[in-house]
Amino acid sequence: MLITWHEMKKAITSPVIVILLVLFIAFNGFQVIGQSLAKEELKVVNDITFLYGRTLTNASLQQMKDALDQDAKKLGTEEEVQDYLEAMTFEKYEQEDVFQQQAIDQISLNYTYYSLGAELESRYTSIDMDELREDLFEASQMQGWLAGFMGNQFTKWKDRYEEIVETAEYKEWFFAGQYRMHSELFRSLVKNIAVQSVLLVVLVTALIANYEVEQRTQSTVYTTKKGRKLIWHKFSAAMGVSLLIFILLAGFSLGIFFLTYDYSSVWQTPISSGLNWEYKLPYITWWPLTVWQFLILALLTELAVVLIVAMLAFAISLYVKNSYFSWILCIAMLVAIFLLPSFLTAYPVLQFIASLNITMVLLNPHMYFNGGTTFSMIQFFELWTILLWLLIALLGSGLGIRRFLIKDVV
Amino acid sequence: MLTISNVSKDYGNFKALEGMNLQFENGIYGLLAPNGAGKTTLIKMLVTLIKPTSGEILYNGKPIEALGESYRELIGYLPQHFGYYKHYTPQKYLRYLAALKGLEKDKVDQRIDEVLEMVALGEVKKKKMRKFSGGMIQRVGIAQALLGDPKILILDEPTAGLDPKERARFRHLLSDLARERIILISTHIVSDIESIANEIIMIRDQTLLYKGDSAAICRSLQGKIYEVAMPFEDFADFRKQYLTLEEKQEQGHMLVRFYAPEQQEAEWTPAVPQLEDVFLIEYANESSVR
């Protein structure tokens with residue numbers, strides 16, 4: 001343990017690593033704060049769930065509507081809230097005093113959520129799964145077992161969609177899709193954390209693995225009692241520092257995010273909430289997952305990817321013997337893995353296999369555990385990809401270490 | 001006892017060492033050879049950095065490869081190019097190496113103080129090594145080699161960068177340590193080992209040339225080393241005929257010490273052979289010696 005700690009210290013006291021870590025955290029912080037213009041508006045969800053509960057029902061929507069009508073009346077109108085807001089022109093709004101304008105803004109915001117809630121059922125149940133199935137098969141030229149497999153996956157996903165409709169899992173309050181808070185958290189921040197972790201972790205791992213070569217201390221270090229078995233400590237240290245980097249990056253960055261945005265009322269909301277509808281389709285996860293469960297699983301998935309990348313970087317470093325070349329080679333490999341499926345569109349089976357892609361998992365945390373019409377949206381996609389690449393990484397590291405233990409140190 | 005039994009090392013078609021047989025018991029051994037003769041290869045095999053292509057190295061009858069950690073535990077090694085972490089202090093670096101050497105944790109700091117005192121670096125143990133001179137770094141290297149109180153101490157060019165005072169101190173230190181351990185010093189500075197080595201090992205062309213005590217090897221040159229004083233104008237021709245070992249300008253003439261194995265002139269004065277003479281004669285054709 002003491003030796004592993006010594007190896008870890010070589011990396012964590014490196015000025016390059018410390019400076020990059022601080023810069024990445026600062027970058028994430030600035031990005032979160034810089035994009036938080038709507039954070040006050042988002043608080044309305046807390047008020048809604050406090051007053052009407054987390055679940056959308058006809059009764060709660062009616063209560064909400066009545067309350068909004070009452071609020072409109074307080075502004076001196078006899079109209080219903082919808083008519084009042086529709087009649088509110090820019091000129092009229094400008095003539096009101098500041099307090100009145102704030103009240104109008106608040107009613108307007110609440111009414112937006114009411115409208116979304118009121119339309120949700122018809123909008124959500126109108127998703128045409130059969131059309132999506134056609135899109136899936138038209139987009140690729142799948143045949144044989146792959147066509148059968150993807151068809152089966154789609155059927156399971158359709159069943160899951162029907163379950164969501166049946167159990168009304170989608171009828172829970174979340175930030176309106178237009179704010180794209182799911183993307184803000186996962187597609188932007190969690191992805192940034194993961195990419196930054198990878199950039200640092202590859203550097204740190206290469207640094208630890210090649211430290212003795214670069215400092216020209218291998219003759220001194222590998223002739224001690226510990227000898228070449230030090231490489232196991234280096235491997236453990238690389239994993240330990242990788243874990244530490246991920247925890248620090250995620251801890252500080254998410255800390256800033258959740259200090260900026262108030263998620264207190266939506267932690268228990270399913271990620272498949274119909275309000276969490278940002279693009280063509282809402283997020284339809286394979287399993288019922290709440291926001292906090294999704295966040296934890298997404299972080300664990302990204303951590304697994306980061307550690308696998310660290311193992312791959314370790315294996316490469318044992319052959320390349322130069323930190324910066326190892327870094328370039330490892331990053332180039334991750335980019336190549338990512339691009340590979342796009343070159344295989346004419347070969348659906350190969351494209352499917354290439355889609356079990358560690359970089360794809362790294363870059364798409366917002367799509368984790370979601371079903372859909374691409375190869376990367378099959379059930380357990382993340383798990384299979386991680387297991388496959390864990391095997392490759394363990395094999396690569398194992399062979400590299402085995403070679404190191406028996407080769408000459410010159 | 002450390003035994004090298006018919007050891008060879010090849011790098012592809014290049015033979016770095018061939019059919020080497022040696023035995024070491026407690027005492028100081030001086031390994032003399034010019035650069036490229038194979039001494040560093042031999043040392044790297046002794047410290048397990050490289051493996052012989054054929055033959056084996058035994059410690060008390062057991063192959064060192066099989067002994068693994070229990071063999072390396074006995075080694076203290078100063079490489080020819082001693083690497084160190086520039087941003088570490090000697091104390092911090094030695095603590096790290098102590099962990100790798102498996103020293104008992106509660107005795108580490110005391111032992112570090114002892115070895116740093118031995119090499120006169122006690123006062124700078126908390127200073128970053130990036131500010132150290134070459135001689136100081138070399139002394140840190142010697143300290144780390146001594147850290148585990150090794151039974152086999154292998155030093156490759158240990159006096160490189162040391163000033164005369166430090167070299168003398170180092171020789172005394174080795175003499176004190178030699179009673180209970182094998183000490184192998186590889187060098188091409190003959191004076192470093194002449195007075196302290198129990199045996200001299202000479203390697204030429206990747207094979208063993210000689211192993212024995214320095215007096216015996218010097219005796220073999222008895223009657224073949226001479227001194228003569230001559231005018232400057234004769235010196236150029238003389239140098240073409242004989243291997244000169246020492247040349248000194250003195251009050252209008254040259255005083256020359258030289259090797260003449262077959263003939264003697266009346267004006268030549270027989271000289272006492274030194275180990276340095278053996279080195280220069282045996283490696284006269286090596287480019288690194290000439």
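Within every chain, numbering begins at 1; the chains are lettered A, B, ... in the order of the sequence lines, protein sequences first and strands thereafter.
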For a quick test of reading the model, state the closest non-hydrogen atom pair linking A:Ile25 to A:Ile256 and the distance between them. O-CD1, 4.5 Å
For each of B:Leu97, B:Leu100, B:Ile50, tally heavy-atom pairs with chain A at distances under 4.5 Å, and name the one with the top tally. B:Leu100
With a 4.5 Å limit on heavy-atom distance, are the side chains of B:Leu31 and B:Ile185 in contact? no
Can you check whether chain A and chain B share any donor-acceptor pairs under 3.5 Å, and give the atom names and distances if they do?
| from | atom 1 | to | atom 2 | distance (Å) |
| --- | --- | --- | --- | --- |
| B:Lys9 | NZ | A:Asp408 | OD2 | 2.7 |
| B:Thr48 | O | A:Arg228 | NH1 | 3.1 |
| B:Thr48 | O | A:Arg228 | NH2 | 3.3 |
| B:Leu49 | O | A:Arg228 | NH2 | 2.7 |
| B:Leu49 | O | A:Val409 | N | 2.7 |
| B:Lys51 | N | A:Asp408 | OD1 | 3.0 |
| B:Lys51 | NZ | A:Ile406 | O | 3.0 |
| B:Arg72 | NE | A:Thr224 | O | 3.0 |
| B:Arg72 | NE | A:Lys225 | O | 3.4 |
| B:Arg72 | NH2 | A:Lys225 | O | 3.3 |
| B:Gly83 | N | A:Arg216 | O | 3.4 |
| B:Tyr85 | OH | A:Lys10 | NZ | 2.9 |
| B:Tyr85 | OH | A:Glu212 | OE1 | 2.6 |
| B:Tyr85 | OH | A:Glu212 | OE2 | 3.1 |
| B:His87 | NE2 | A:Tyr211 | OH | 3.2 |
| B:Tyr96 | OH | A:Glu7 | OE2 | 2.5 |
| B:Tyr96 | OH | A:Lys10 | NZ | 2.7 |
| B:Leu100 | O | A:Lys226 | N | 3.0 |

Nearest non-hydrogen partners of A:Leu2 and B:Ala99, listed with the distance: CD2-CB, 3.9 Å
Between B:Asn6 (side chain) and B:Gly55 (backbone), is there a donor-acceptor pair under 3.5 Å? no
Is B:Ser133 reaching over with its side chain to a backbone N or O of B:Met136, donor-acceptor style, under 3.5 angstrom? yes
Quick one: do A:Leu299 and A:Phe186 satisfy side-chain contact (heavy atoms from CB on, under 4.5 Å)? Show the steps, please. CA-CA 10 Å; A:Leu299 289 174; A:Phe186 295 102; over 6 Å; no
